[in-house]
**Q** 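Let me give you the structure first, and then I'll get to my questions.
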Amino acid sequence: MQQIIINSLLAVVAAASLAMLLIFGAKKNGMTKKQRNVLIRIFVSDALLLILQLLGRDAFAWADSVVDGAGYWTRFALYTADYLIIGYDILFKALRGIKNRKIFDESFLMTVATVGAIALALYSRSGDYTEAIAVMLFYQIGEWFQSYAVGKSRRNISRLMDIRPDYANIERDGELLRVDPDEVAVGSVIVVQPGEKVPIDGVVVQGSCSLNTVALTGESLPRDVGPGDEIISGCININGVLRIRTSKEFGESTVSRILDLVENAGSRKSKSEDFISKFARIYTPAVCLCALALAVLPPVVRMFGLGLAAEWGVWIYRALTFLVISCPCALVISIPLSFFAGIGGASNAGILVKGSNYLETLSKTKIVVFDKTGTLTQGVFEVNGIHHNELENSKLIEYAALVESSSSHPISKSLQRAYGRQIDRSRVSDIREISGNGVMAKVDGVEVAAGNDKLMNRLQIPFIPCRSVGTIIHMAIGGKYAGHIVISDVVKPTSEAAIKALKSAGVQLTVMLTGDSEKAAEKVAAQVGVDRVYSRLLPEDKVDRVEQLLDSKPAGAKLAFVGDGINDAPVLRRADIGIAMGAMGSDAAIEAADVVLMDDDPMKISKAVKISRKCLSIVYQNIVFAIGVKLLCLILGAAGIASMWLAIFADVGVMILAVLNAVRALFVKNL
């Protein structure tokens with residue numbers, strides 16, 4: 001019965017490996033050349049072992065008639081060839097480890113166990129080499145699964161590498177020249193044609209098009225840009241020709257920062273990974289000593305203490321089984337793979353995590369503190385209302401835009417955007433800016449004043465106070481009050497939903513910190529639904545508030561701060577986990593943060609938390625499962641209840657299941 005089960009298992013493995021070769025082997029991105037070669041070796045070795053099993057010992061009896069014992073040694077030579085086909089690389093790794101004084105690894109354990117099993121079969125002249133070859137065969141299957149899973153994770157992350165531009169187009173003498181992006185100076189005008197990647201951050205000076213930003217943000221919806229719009233590197237021009245004035249060097253551009261973050265993410269290990277590394281360094285030598293004790297002590301006690309037969313073969317077999325079971329592959333491979341897959345899944349969703357340690361910290365987040373401007377709001381001032389207007393709304397905006405046309409202040413820019421037409425500066429004359437009050441000028445020969453209530457008082461023009469929150473621009477035309485314009489920052493469309501999503505994800509407290517006025521802060525807080533709000537804060541005040549929240553947080557809970565400005569950098573560093581808005585955030589904020597959101601969407605914060613929690617859940621599942629099964633099988637192996645076949649399951653089976661579980665961290669689309 002056991003022989004039928006073994007042969008059936010070998011037949012299934014042969015069929016599965018052949019199917020994998022036929023289905024994935026020919027595909028460009030299916031598997032690497034090394035993975036394909038290992039799979040071929042698995043198929044050949046498995047098929048040969050199955051043939052030898054089906055032939056049996058009697059198939060070689062004819063050789064004994066030629067030379068006595070030739071059948072036995074012919075069969076041994078074929079099994080040895082099969083063993084070398086599947087295990088030669090593991091033998092070389094074990095020898096290199098011994099040479100480099102790094103002995104106690106899984107290759108050493110596999111080599112000792114399998115060579116020992118073959119030696120036992122030779123010593124007893126049983127001719128049963130199946131177990132030794134099967135151990136190596138299934139170990140290689142486990143290694144192949146691990147390699148394929150890591151490759152899948154790497155391909156997921158390496159999609160980001162496709163955003164690296166190979167060249168930049170510069171126009172000279174009417175011709176486009178391709179140059180290295182590193183050679184393009186700040187302020188140069190580059191040309192991006194349809195289908196090309198934007199190589200360097202800048203501002204569009206001519207042309208309009210739709211951009212594919214999926215590689216940066218994970219968002220499939222194209223983004224339209226035109227003259228005056230900021231544009232970040234890594235996007236793909238879908239249609240239209242753009243001329244872009246560069247605002248950064250290539251090394252400081254968005255695409256370079258992203259690639260640097262991804263490439264360095266693996267260097268920052270989590271506590272779980274550090275634990276597994278330390279565990280493996282202590283565990284492997286310990287089990288080797290236990291296996292040696294199991295092979296030597298019981299026979300010695302039986303022989304000298306109890307006067308019984310030593311049974312060396314029985315106890316050596318148990319020790320070898322113990323070694324196979326003890327191999328810590330499942331833990332050593334699956335835990336880093338889980339974090340690697342989690343970082344890859346997050347990257348694919350437009351969330352860059354700088355290391356697995358930050359992923360682990362993020363999973364414990366219970367308090368989220370937000371900056372206001374540019375984080376919960378768009379950071380772009382817009383005209384929100386026109387009150388008590390004595391003219392048509394469009395006419396009042398036209399006068400305001402013209403009188404403010406010489407200023408580069410954000411308020412002036414917002415008025416010009418609201419006007420929406422080209423400014424005819426020839427209509428404006430005698431411009432006078434009154435510091436802290438506003439601007440006065442003649443528009444079409446008519447005196448126009450635009451400013452705050454101080455300006456109206458200065459000109460002794462009666463005005464109507466405004467109770468709306470925002471910047472109020474009072475307008476006087478020809479010495480008479482004409483109404484006022486309300487300009488304020490606009491809340492991001494997803495901010496309210498983002499706060500709700502965080503609370504549903506288990507975040508206990510949301511806080512907003514801002515340097516804005518109390519009235520403006522409370523209005524935004526009410527709109528988005530944060531629990532607490534603190535206003536009129538300087539950068540050092542924000543740090544103090546975060547310090548207070550850190551001191552009062554529950555044990556084990558972590559605090560995340562979300563910001564985008566230069567003044568947020570100190571708070572991002574002080575928080576347990578710093579999250580920066582990456583698309584339009586400052587370099588200082590992105591550098592100081594531990595997590596970067598590539599599309600500035602606050603909804604991604606809850607997604608990042610969910611991804612981290614899914615990843616940590618998988619890590620803990622693998623730790624409990626792997627250690628639990630190992631300990632049980634080690635006890636059974638030491639007691640002689642577990643055979644080498646159970647050892648194969650305990651080692652390779654657990655590793656394959658743990659690796660497949662780890663790969664689930666890649667799939668984060670529906671979180």
Side-chain angles (χ1 to χ4, degrees), residues 83 87 90-91 93-124 126 128-129 131-136 138-139 142 275-333 623-655:
Y83 175 78
I90 304 300
L91 296 176
K93 283 181 186 176
L95 291 172
R96 275 201 304 271
I98 294 169
K99 181 182 177 182
N100 297 328
R101 298 180 182 179
K102 295 179 180 177
I103 299 173
F104 298 109
D105 60 8
E106 57 266 26
S107 297
F108 175 77
L109 295 180
M110 286 297 109
T111 299
V112 171
T114 52
V115 171
I118 292 171
L120 274 179
L122 277 172
Y123 174 76
S124 63
S126 67
D128 188 6
Y129 312 108
E131 285 186 345
I133 297 171
V135 167
M136 193 63 81
F138 284 99
Y139 175 75
F275 162 73
I276 294 304
S277 299
K278 292 173 184 175
F279 173 81
R281 284 198 296 269
I282 298 169
Y283 169 83
T284 307
V287 295
C288 287
L289 291 173
C290 289
L292 182 62
L294 187 62
V296 175
L297 293 180
V300 170
V301 170
R302 285 175 61 86
M303 189 165 53
F304 294 106
L306 303 175
L308 301 173
E311 297 182 344
W312 287 100
V314 171
W315 291 100
I316 290 173
Y317 180 83
R318 289 188 188 183
L320 293 173
T321 303
F322 188 90
L323 276 180
V324 174
I325 295 170
S326 67
C327 185
C329 305
L331 286 173
V332 173
I333 291 170
I623 290 174
V624 172
F625 175 65
I627 292 179
V629 173
K630 288 282 180 189
L631 289 175
L632 177 62
C633 292
L634 283 172
I635 294 168
L636 295 176
I641 300 171
S643 66
M644 193 73 81
W645 288 101
L646 182 59
I648 292 169
F649 169 74
D651 176 48
V652 180
V654 171
M655 180 173 69

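Note that this is a predicted model, so its numbers are computed, not measured. The chain is numbered in sequence order, starting from 1.
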**Q** Find the distance between CD1 (Ile90) and NZ (Lys93) and round it off to the nearest 0.5 Å.
**A**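 The CD1 atom of Ile90 sits 4.5 Å away from the NZ atom of Lys93.
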**Q** Distance check, rounded to the nearest 0.5 Å: Trp312 atom CH2 versus Met303 atom CE?
**A**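 Those atoms lie 5.5 Å apart.
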**Q** Looking at every non-hydrogen atom in both residues, tell me the closest pair between Thr111 and Tyr83 and how far apart they are.
**A**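 Answer, listing the atom of Thr111 first, then Tyr83: O-OH, 4.5 Å.
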**Q** Measure across Ala295 and Ala319 and return the closest heavy-atom pair with its distance rounded to 0.1 Å.
**A**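 Closest pair (atom of Ala295, atom of Ala319, distance): CB-CB, 3.6 Å.
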**Q** Determine the minimum heavy-atom distance between Leu294 and Pro299, stating which atoms define it.
**A**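 Between these two residues, the closest heavy atoms are O-CD, 4.3 Å.
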**Q** Starting at CD of Glu311, measure out to CZ of Arg318 and round the result to the nearest 0.5 Å.
**A**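 The CD atom of Glu311 sits 8.0 Å away from the CZ atom of Arg318.
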**Q** If I take atom CD1 from residue Ile627 and atom CG from residue Leu632, how far apart are they, to the nearest 0.5 angstrom?
**A**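 Ile627 atom CD1 to Leu632 atom CG measures 13.5 Å (nearest 0.5 Å).
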**Q** Which heavy atom in Thr114 sits nearest to a heavy atom in Met136, and how many Å separate them?
**A**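 It is OG1-CE, 3.5 Å.
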